[in-house]
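Remarks on the structure that follows.
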Amino acid sequence: MDMPRSGNSTIVRADNDPPDPIAVIDSHAVPDVPSAPPAEAAWISRDWRYAVLRRTMMALSRLSPTTAVDVFDRVWFTPPRTRPGIEGARWLARGQPMALRLHGQDLRAWSWGDGPTVLLVHGWGGNAGQMHALAGTLLERGLRVVGFDAPAHGASGPSRMGGRRVSMIEIADALRVVAAAAGPLAGLVAHSGGCTATALALREGWTGPERMAFVAPFALPSMAIEPFGRAIGASAPVTARFRDRVERRFGRPWTGFDIPPLPGLRDLPPLLLVHDREDREVPWFHGQAVAQAWPGARLLATRGLGHRRVLRDAAVLSQLAGFLAQESAASPRATPAMARAELDQAFVSSGIAHD
């Protein structure tokens, strides 16, 4: 397993903080979230394929707007395909496979160790192997770890959308099936789009764990559509038509996928947030928005770790493990209501029931 990396983070401190590579920021002191999203999805400019897509979409927006909307739809719902690195693959090989199904398709999941259970949820285009450094740190704290590949990700099967396309709704369904199979959860750590799916599951009635941590949460999908559209060369009318199409498809507004409104809908567990100020894939203000909305949330700010290296930084891993291990002495107990709700969800998601 990779050793956690300790030399990459730049110190970010609040006034009078002790010398620590991470600053703990009071959620009530977080500056206001910007009212407008960034002008463009900055990370796209690094991929030459998006330069080709941009030129194509600019032409289609003028010549065939309906085709442009179709392309926008396919690109938005198709995660990049990634494979575990060498250390991630070794970590998965050490896990105990869990035989699960979702909507009639294979859902690959693994467990490691014994003790109170922590569920790890990877991000959009990620895989369970990306979380291996954190998983190892949690095992050292006496926790059991469960991870999974979301539908259309990693080794799991396709989603109901077909091929490599998938929605956050189906990823949230997968999370609930894995959680039901894993048993009562003492904690959960989600990264990026995994935070979006976790919040969606909670919005839809999932009981959830005793405490949670969100790393670089993709908290405001509703604010990401226009920047994404500009980045891929879609015209404003094409982007608006895509927005409307998705709302009709799922029967909910885009704000129904945002994380900040969640605390106004239900009681929630304690939350630890970690976000890098220089994250180019999910900007810092997403973490700010969650910290402002979630009662009692703690926001840890890093600098220089970006979107993925934050998952391997030794100081970050120590903070996450310490937060989750606080519940390890008293793992949650299942109740009949919890069991019934998760059995119902597992039955629907198994493919046995009519979709």
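- In this structure, the side chains of Ile171 and His153 come closer than 4.5 Å at one or more pairs of heavy atoms.
- The heavy-atom pair separating Ile259 from Ala199 by the smallest distance is CG1-CB, 3.7 Å.
- Going from atom CG of Asn127 over to atom OG1 of Thr82 covers 4.5 Å, rounded to the nearest 0.5 Å.
- No side-chain N or O of Thr78 forms a donor-acceptor pair with one of Arg164 less than 3.5 Å apart.
- Going from atom CZ of Arg298 over to atom CZ of Phe323 covers 6.5 Å, rounded to the nearest 0.5 Å.
- Using a 4.5 Å heavy-atom threshold, the side chains of Met212 and Leu271 count as touching.
- Put simply, the side chain of His286 never gets that close to the backbone of Phe218: no donor and acceptor are under 3.5 Å apart.
- Distance alone, capped at 3.5 Å, is enough to place a donor-acceptor pair between the Arg309 side chain and the Gly304 backbone.
- Listed for the Arg141 side chain is no donor-acceptor partner under 3.5 Å among the backbone atoms of Thr137.
- Residue pairs meeting the salt bridge (Lys or Arg N to Asp or Glu O under 4.0 Å) criterion with at least one member in residues 256-275: none, sequence neighbours excluded.
- Using a 4.5 Å heavy-atom threshold, the side chains of Leu143 and Trp112 count as separate.
- In this structure a side-chain-to-backbone donor-acceptor pair under 3.5 Å is missing from Ser159 to Ala152.
- A 6.0 Å sphere centred on CE of Met161 holds more than 12 heavy atoms belonging to other residues, nucleotides or ligands.
- From Thr117, atom OG1 reaches atom CD of Glu210 across 12.0 Å, with rounding to the nearest 0.5 Å.
- Taking OG1 of Thr239 as the start and CD1 of Ile232 as the end, the distance is 7.0 Å to the nearest 0.5 Å.
- Closest heavy-atom contact between Leu273 and Pro217: CD2-CG, 3.9 Å.
- The shortest non-hydrogen separation linking Pro283 to Glu281 is CD-O, 3.9 Å.
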Going through the checks in order, is the ring-ring contact (aromatic ring centres under 6.0 Å, His included) test met by Phe228 and Trp76? CA-CA 9 Å; Phe228 187 84; Trp76 179 274; 5.2 Å; yes

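- Residue pairs meeting the side-chain hydrogen bond (donor to acceptor under 3.5 Å, both in side chains) criterion with at least one partner in residues 189-204, sequence neighbours excluded, are Ser192-His307, Glu204-Arg252.
- Asp149 contributes a side-chain N or O that, together with a main-chain N or O of Ala128, makes up a donor-acceptor pair within less than 3.5 Å.
- Sparse packing is recorded around CD1 of Ile86, with 12 or fewer heavy atoms of other residues, nucleotides or ligands lying under 6.0 Å away.
- Shown here for Ala181 and Met98, the closest heavy-atom pair between the two residues is CB-CE, 3.9 Å.
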Let's go through Trp91 and Trp110 carefully: what are the C-alpha distance in whole Å and the side-chain angles of both, what is the deciding distance for ring-ring contact (aromatic ring centres under 6.0 Å, His included) to 0.1 Å, and is it a yes or a no? CA-CA 10 Å; Trp91 175 254; Trp110 301 264; over 10 Å; no

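- Side chains of Val274 and Leu320 form a contact here, defined as non-hydrogen atoms less than 4.5 Å apart.
- Inter-residue side-chain proximity for Val71 and Arg74 is flagged as unmet; no heavy-atom pair is nearer than 4.5 Å.
- Between the Arg303 side chain and the Glu278 main chain, no donor and acceptor come within less than 3.5 Å of each other.
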Can you check side-chain contact (heavy atoms from CB on, under 4.5 Å) on Val118 and Arg144, steps first, answer last? CA-CA 6 Å; Val118 175; Arg144 175 182 176 235; over 6 Å; no

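- Leu185 and Leu262 fall within the same hydrophobic cluster, defined by Ile, Leu, Val, Met, Phe, Trp and Tyr side-chain heavy atoms under 4.5 Å apart, directly or through other members.
- Between the CG atom in Leu175 and the CG atom in Leu200 there is a gap of 10.0 Å [rounded to 0.5 Å].
- Annotation: side chain of Val316 is not in contact with side chain of Leu300 (no heavy-atom distance under 4.5 Å).
- Between Met131 atom CE and Leu311 atom CG the span is 5.5 Å, to the nearest 0.5 Å.
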List the steps, then state whether side-chain contact (heavy atoms from CB on, under 4.5 Å) holds for Phe72 with Leu60. CA-CA 11 Å; Phe72 198 134; Leu60 288 174; over 6 Å; no

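- Taking each heavy atom of Pro269 and Trp294 in turn, the nearest pair found is O-NE1, 3.0 Å.
- Side chains of Leu120 and Leu138 form a contact here, defined as non-hydrogen atoms less than 4.5 Å apart.
- At a threshold of 4.5 Å between side-chain heavy atoms, the hydrophobic network of Ile, Leu, Val, Met, Phe, Trp and Tyr places Trp254 and Val238 in one connected group.
- Taking 4.5 Å as the limit, some side-chain heavy atom of Pro84 sits within range of a side-chain heavy atom of Leu92.
- Scanning both residues, Gly194 and Val121, for their nearest heavy atoms gives CA-CG1, 3.7 Å.
- Note: His122 and Phe148 have tilted aromatic rings, judged against thresholds of 30 and 60 degrees for the angle between ring planes.
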Determine, step by step, whether Ser167 and Phe77 satisfy the side-chain contact (heavy atoms from CB on, under 4.5 Å) criterion, reporting the C-alpha distance in whole Å, the side-chain angles of both residues, the deciding distance to 0.1 Å, and the verdict. CA-CA 6 Å; Ser167 72; Phe77 287 105; 4.2 Å; yes

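- With hydrogens and angles ignored, the 3.5 Å screen pairs a side-chain donor or acceptor of Ser61 with a backbone N or O of Met57.
- Within the 3.5 Å criterion, the main-chain N or O of Arg90 finds no donor-acceptor partner in the side chain of His132.
- Using modelled atom types, one side-chain atom of Glu170 and one backbone atom of Arg160 make a donor-acceptor pair closer than 3.5 Å.
- Listed by chain and residue number, Val69, Asp70, Asp73, Arg248, Arg249 satisfy the side-chain contact (heavy atoms from CB on, under 4.5 Å) test with Arg245 (two or more places apart in sequence, or in another chain).
- A donor-acceptor contact shorter than 3.5 Å is absent between the side chain of Arg165 and the backbone of Pro158.
- Judged purely by distance below 3.5 Å, without hydrogens or angles, the side chains of Thr66 and Arg241 pair a donor atom with an acceptor atom.
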